[in-house]
**Q** 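Sharing a structure below in structure tokens format, with a few things to ask.
All of these numbers come straight from a predicted model, not from anything done at the bench.
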Amino acid sequence: MDVVGKDGLDSTHVLAFRRKLTHWYREHARELPWRGVHDPYKTWVSEVMLQQTRVAAVLEHYDRFLKLFPTIIALALAPEDEVLAAWSGLGYYRRARMLHKAAQFVVKELAGKIPGQSDELRKLPGVGEYTCAAIASIAFGESIAVVDGNVERVLLRVTGRAEEATAAGKAFIRVQAGLLVPHKRVAHHSNAAGDHNQGMMELGATVCLPRGPLCLGCPVYDLCATKGEHVTAPKGKQRSQTVAYLLETRKDGARTEVLLERRGDESSLMPGMLELPMLPLDAVEEREPILRVRHSITNTNYYVEIYTAPGMGDKKLRAAIPAARETLSWAGVGRLKELPLTGLARKVLMRMDLMGVAGPESPEMMRDEVRKALRE
DNA sequence: GAGACGTGGAC
DNA sequence: TGTCCAAGTCT
């Protein structure tokens with residue numbers, strides 16, 4: 001078999017590629033909780049969570065999210081803050097808001113029935129070109145190709161085409177992916193298109209790695225034009241910044257509370273979510289933080305310092321956080337995990353062992369807890 | 001079409 | 001206290 005040329009896959013390549021990939025996927029697919037599931041709602045949740053997010057991070061949220069919101073109706077009926085609380089730590093919180101909105105739309109306007117076709121799915125908020133194809137193929141067996149970062153990398157390497165961020169470059173990849181996806185269901189209990197798409201992504205995620213691809217384990221090595229790394233475009237520069245936050249606790253009888261601050265609704269970054277009160281750097285000069293953590297946001301590495309509440313007579317730190325600021329509120333540590341905390345706040349509170357307290361026993365109790373917390 | 005939008009793990 | 005980046009979408 002000849003390797004694939006610059007013009008892309010021919011019909012011989014297509015048949016061989018499909019066969020090899022499908023066989024490999026059957027043998028090597030990771031066991032993940034959203035695989036082998038026949039509920040379009042669950043497929044949808046998993047696909048949204050997986051957008052630009054590592055499998056390991058999704059594994060920490062997927063089961064709990066579905067326990068809290070087992071059906072699209074449960075999700076549609078939940079208050080937004082509960083949805084955000086369940087999403088806390090996953091990042092890109094707009095995804096959670098859009099998923100919530102879309103669930104409400106499906107329940108209200110479509111009688112709770114998730115559309116079974118990619119072009120209808122595409123109209124839902126938060127469902128773009130990739131996600132509509134993923135849900136349609138995986139949950140409904142539609143013959144439509146997904147193109148995500150994995151698929152693009154695999155196809156660039158297989159064809160030897162140089163990476164270009166142009167409409168023509170994107171179109172080439174889309175065409176190649178479309179040639180490869182199987183045309184229709186072969187049998188009742190199989191899903192050729194869905195399995196093929198997942199196989200393409202699995203190959204990119206576990207074998208055709210961005211750096212140091214494991215070519216010796218690749219099922220389509222024979223066809224591959226490059227058999228190795230393709231040239232990747234240089235990325236933007238990273239920046240670093242130091243920031244400081246206050247960790248202040250108080251006792252209210254047997255209950256421990258921590259001071260939190262709510263971000264403004266107009267904030268572009270994580271609006272309405274809860275974090276620790278920020279301290280100006282000049283207020284903490286020459287002090288020693290009780291904790292240092294790194295927290296990266298897109299292109300910035302934040303070197304975060306956490307300071308405890310000031311002692312008696314310490315005017316400077318105290319003055320840095322006006323007690324009257326109306327965005328401030330005290331939260332009992334027992335219900336922290338039910339609040340829409342930013343990932344950083346969550347990380348710090350976990351690190352300081354303030355979130356290890358046992359939570360509510362059941363989803364119902366948890367919802368009651370959240371409602372109570374949000375009323376205050 | 002470029003920029004905004006989170007996070008944590010790997011090296 | 002450096003850099004990259006993961007199953008994208010929206011504006």
**Q** So which atom in A:Val181 and which in A:Ala193 form the shortest heavy-atom distance, rounded to 0.1 Å?
**A** CG2-CB, 4.0 Å

**Q** For A:Arg346 and A:Arg94, take the nucleotide of DNA chain B holding the closest heavy atom to each; which residue's nucleotide lies nearer the 5' end?
**A** A:Arg94

**Q** How far does the P atom of B:dG6 sit from the matching atom of C:dT3, given to the nearest Å?
**A** 23 Å

**Q** Any side-chain to backbone donor/acceptor pair from A:His28 onto A:Trp24? Under 3.5 Å, distance only.
**A** yes

**Q** Quick check against the 3.5 Å criterion: does A:Glu257 have a side-chain atom that pairs as donor or acceptor with the backbone of A:Asp252?
**A** no

**Q** Answer yes or no: does a side-chain N or O of A:Thr53 lie under 4.0 Å from OP1 or OP2 of C:dG8?
**A** no

**Q** In this structure, how many angstroms lie between the C1' atom of C:dC4 and the CG atom of A:Asn301, rounded?
**A** 10 Å

**Q** Does A:Arg239 have a side-chain nitrogen or oxygen under 4.0 Å from the phosphate oxygens OP1 or OP2 of C:dG2?
**A** no

**Q** Find the distance A:Arg97:CZ to C:dC10:C1' and express it as a whole number of Å.
**A** 14 Å

**Q** What nucleic acid atoms does A:Val127 come within less than 4.0 Å of, heavy atoms only: base, sugar-phosphate, or nothing?
**A** sugar-phosphate

**Q** If only atom types and distance count, is the side chain of A:His23 paired as donor or acceptor with the main-chain N or O of A:Lys20 below 3.5 Å?
**A** no

**Q** For DNA chain B, whose closest nucleotide is more 5', that of A:Gln52 or that of A:Glu60?
**A** A:Gln52

**Q** Using atom CD of A:Gln198 as one end and atom C1' of C:dA6 as the other, report the distance to the nearest whole Å.
**A** 16 Å

**Q** Name the nucleic acid region contacted by A:Trp34, choosing base, sugar-phosphate or nothing; use a 4.0 angstrom heavy-atom cut-off, strictly under.
**A** base

**Q** Would you mind reading off the distance between A:Arg122 atom CZ and C:dT9 atom C1', rounded to a whole angstrom?
**A** 8 Å

**Q** By nearest nucleotide on DNA chain C, pick out whichever of A:Arg292 and A:Arg54 is the more 5' one.
**A** A:Arg292

**Q** Has the side chain of A:Arg122 got a donor or acceptor atom that lies under 3.5 Å from a matching backbone atom of A:Val127?
**A** yes

**Q** If I take atom CD in residue A:Glu129 and atom P in nucleotide C:dG8, what distance separates them, rounded to the nearest angstrom?
**A** 14 Å

**Q** Indicate, with a heavy-atom threshold strictly under 4.0 Å, whether A:Arg30 touches base, sugar-phosphate, or nothing.
**A** base

**Q** Does anything in residues 87-96 of chain A form a salt bridge (charged side-chain N to carboxylate O under 4.0 Å, His left out)? List the pairs, not counting sequence neighbours.
**A** none

**Q** Kindly indicate, with the supporting measurements, whether the criterion side-chain hydrogen bond (donor to acceptor under 3.5 Å, both in side chains) is fulfilled by A:Thr159 and A:Lys6.
**A** CA-CA 6 Å; A:Thr159 62; A:Lys6 283 269 195 289; over 6 Å; no

**Q** Within the structure shown, what part of the strands sits under 4.0 Å from A:Gly89 by heavy-atom distance: base, sugar-phosphate, or nothing?
**A** sugar-phosphate

**Q** Check every strand shown and say whether A:Thr342 touches a base, only sugar-phosphate, or nothing at a heavy-atom separation below 4.0 Å.
**A** sugar-phosphate

**Q** Looking at every strand, decide which applies to A:Arg351 at a 4.0 Å heavy-atom threshold: base, sugar-phosphate, or nothing.
**A** nothing

**Q** Could you tell me the boundaries of the chain A footprint on DNA chain B, defined by atoms under 4.0 Å from its heavy atoms?
**A** B:dA4 to B:dA10

**Q** Between A:Met98 (CE) and C:dT11 (C1'), how many Å, whole number?
**A** 11 Å

**Q** Report the distance from atom OH of A:Tyr302 to atom C1' of C:dT1, rounded to the nearest whole Å.
**A** 14 Å

**Q** How would you label the contact of A:Leu90 with the nucleic acid (heavy atoms, under 4.0 Å): base, sugar-phosphate, or nothing?
**A** base

**Q** Side chains of A:Thr131 and A:Gln51: donor-acceptor distance under 3.5 Å anywhere?
**A** yes

**Q** Return the nearest nucleotide to the side chain of A:Gln51; candidates are C:dT1, C:dA6, C:dT9.
**A** C:dT9

**Q** From OH of A:Tyr62 over to C1' of C:dA6, roughly how many Å is that when rounded to an integer?
**A** 18 Å

